[in-house]
Amino acid sequence: MKKEEQVGKSYEIAKERYAAIGVDTENVLARMQQFHLSLHCWQTDDVAGFESAGDLTGGIQATGNYPGKARNMEEVMADLLEAMSLIPGTHRVNLHEIYGDFGGRFVDRDQVEPKHFESWMQWAGANGIKLDFNSTSFSHPKSGNLSLSHPDKGIRDFWIEHTKRCRDIADAMGKAQGDPCIMNLWVHDGCKDMSVNHYLYRGLLKSSLDEIFAEKKAYMKDCIEGKVFGIGLESFTVGSHDFYTAYAAQNGKIPTIDTGHYHPTESPADKVSALLHFVPELMLHVSRPIRWDSDHVTLMDDPTLELFSEIVRAGALDRVHYGLDYFDGAINRIGAYVIGSRAAQKCMLRALLEPTAAIAEMELAGKGFQTLAFLEECKALPWQAVYDEFCRRNDKPVGLDFIPEIETYEREITSKRS
Ligand code: RNT
Ligand code: ZN
């Protein structure tokens, strides 16, 4: 039997199995088509960007030196299109400020303008891709341990200016694409060691944010991302989860949940139903932390399944923006993109295939064992046949068929980069 035929037959059986528990797989497939990931451009080059050849700083680290990383804008664009050609559905691209088209000149962060992203906007338009954006505080001589919370007004103003300009760029992108550009703000600000100025730093960050957000923008949305600690900034993080949660709730901003930014036994998934009662929307940075915020390639693991299930169970599918945020330089970077993106889709698919309403009713009726039995059964139902069908309908490789495609691209393109 040919693979195409196998996929079709398996799907027909899966459709019946799901119908038997009240799940309409056609409806789920239609919703999957509307599920857009925001692919983080920084997976192509280990967060290097086009500004300088300096080291990655700011408490983050990309490990591995697999050959073939993208060296310029054309290569980043080509790699993104290659990855997208192997992922079913339509997806967005998430840019960092350091990936601007600077024309070979040095454009400092307080000088950046929408024109530096003109070529990205054209490329996105031509390929039917929507863009999201990030300000960049790391890897710059003016960003030591502190940026927006720096006690020196000159340095603080530099980063305020940078972030305001990034909002202008995001706004221009949103306007051009006729859909809001989701702009994330993450600053690494923190202390390596003991500090008695925590309250001061957080006060400064708050007033910097107030200044940055003072101007209303019609075509972009602001997200703020906290974390626990960064490398070299182990003792204190100014923009902690609590800080940004309170700020977002008070100011109607969007918290970013990066799945690597919590204590090891803390559940990012559990935050969904709590935060969504107080903030308008959520942004995700789906990653895979191994012992720390290591940004390993996203997999279909329990934390990610739980996160997507909580979103679906809260009926909040359209209140969440689905960014990815991992950067593994140890394996083929296109392969990393494709595995992580498809894993995130599988998590969403499995969440959508749950007969949530029926289980919720059982739970409310006090039917404890039946609830557990259903949840347990869902793990083993033939969701994979539905994912394969999703790939087939999108004319994308089914199963492992993306491996030879990536190997060809490696042989012909990425392996030739020095
Ligand atoms: C760092 C944050 C941040 C970055 C990107 C590159 O810990 O997760 O989102 O990974 O902005
Ligand atoms: Zn992140």
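Bear in mind that the values here come from a model prediction, so they are computed numbers and not experimental data. Order of listing sets the numbers, starting from 1, for every ligand and every atom in it. Count residues from 1 along the sequence. Only this structure's heavy atoms are used, side chains among them; waters, hydrogens and symmetry mates stay out.
- For the pair Lys416 and Glu412, the salt-bridge criterion is not met [side-chain N within less than 4.0 Å of a carboxylate O].
- Judged as a ring pair (Phe, Tyr, Trp, His ring centres under 6.0 Å), the pairs with a partner in residues 153-176 (not counting sequence neighbours) are, in order, His140-Phe158, His140-Trp159, Trp159-His162.
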Any protein N/O atoms within less than 3.5 Å of an N/O atom in ligand 1? List the atom names and distances, or say none.
unit_1	atom_1	unit_2	atom_2	d
ligand 1	7 (O)	Lys227	NZ	2.8
ligand 1	7 (O)	His261	NE2	2.9
ligand 1	7 (O)	Asp293	OD2	3.3
ligand 1	8 (O)	Glu225	OE2	3.0
ligand 1	8 (O)	Asp258	OD2	2.8
ligand 1	8 (O)	His261	NE2	3.0
ligand 1	8 (O)	Asp325	OD2	2.8
ligand 1	9 (O)	Glu225	OE1	2.7
ligand 1	9 (O)	Glu225	OE2	3.2
ligand 1	9 (O)	His285	ND1	3.1
ligand 1	9 (O)	Asp325	OD2	3.0
ligand 1	10 (O)	Asp325	OD1	3.1
ligand 1	10 (O)	Asp325	OD2	2.7
ligand 1	11 (O)	His96	NE2	2.7

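- For residues 112-122, the set of pairs meeting the side chain to side chain donor-acceptor pair (under 3.5 Å) definition, not counting sequence neighbours, comprises Asp101-Ser119.
- Between Tyr326 and His296, the distance separating the two ring centers is not shorter than 6.0 angstrom.
- Ion pairing between a basic and an acidic side chain is recognised when a charged N comes within 4.0 Å of a carboxylate O; Lys206 and Asp210 show such pairing.
- If you count the protein N, O or S atoms nearer to the Zn ion (ligand 2) than 2.8 Å, you get 4.
- Salt-bridge check for Asp46 with Arg333: passed, with a basic side-chain N closer than 4.0 Å to an acidic carboxylate O.
- Using a 4.0 Å cut-off between a side-chain N of Lys or Arg and a carboxylate O of Asp or Glu, Lys227 and Asp258 do not qualify as a salt bridge.
- Salt bridge Arg109/Glu51: present, at least one basic N to carboxylate O contact under 4.0 Å.
- By the 30° and 60° cut-offs, the orientation of the rings of Phe50 relative to Tyr99 is perpendicular.
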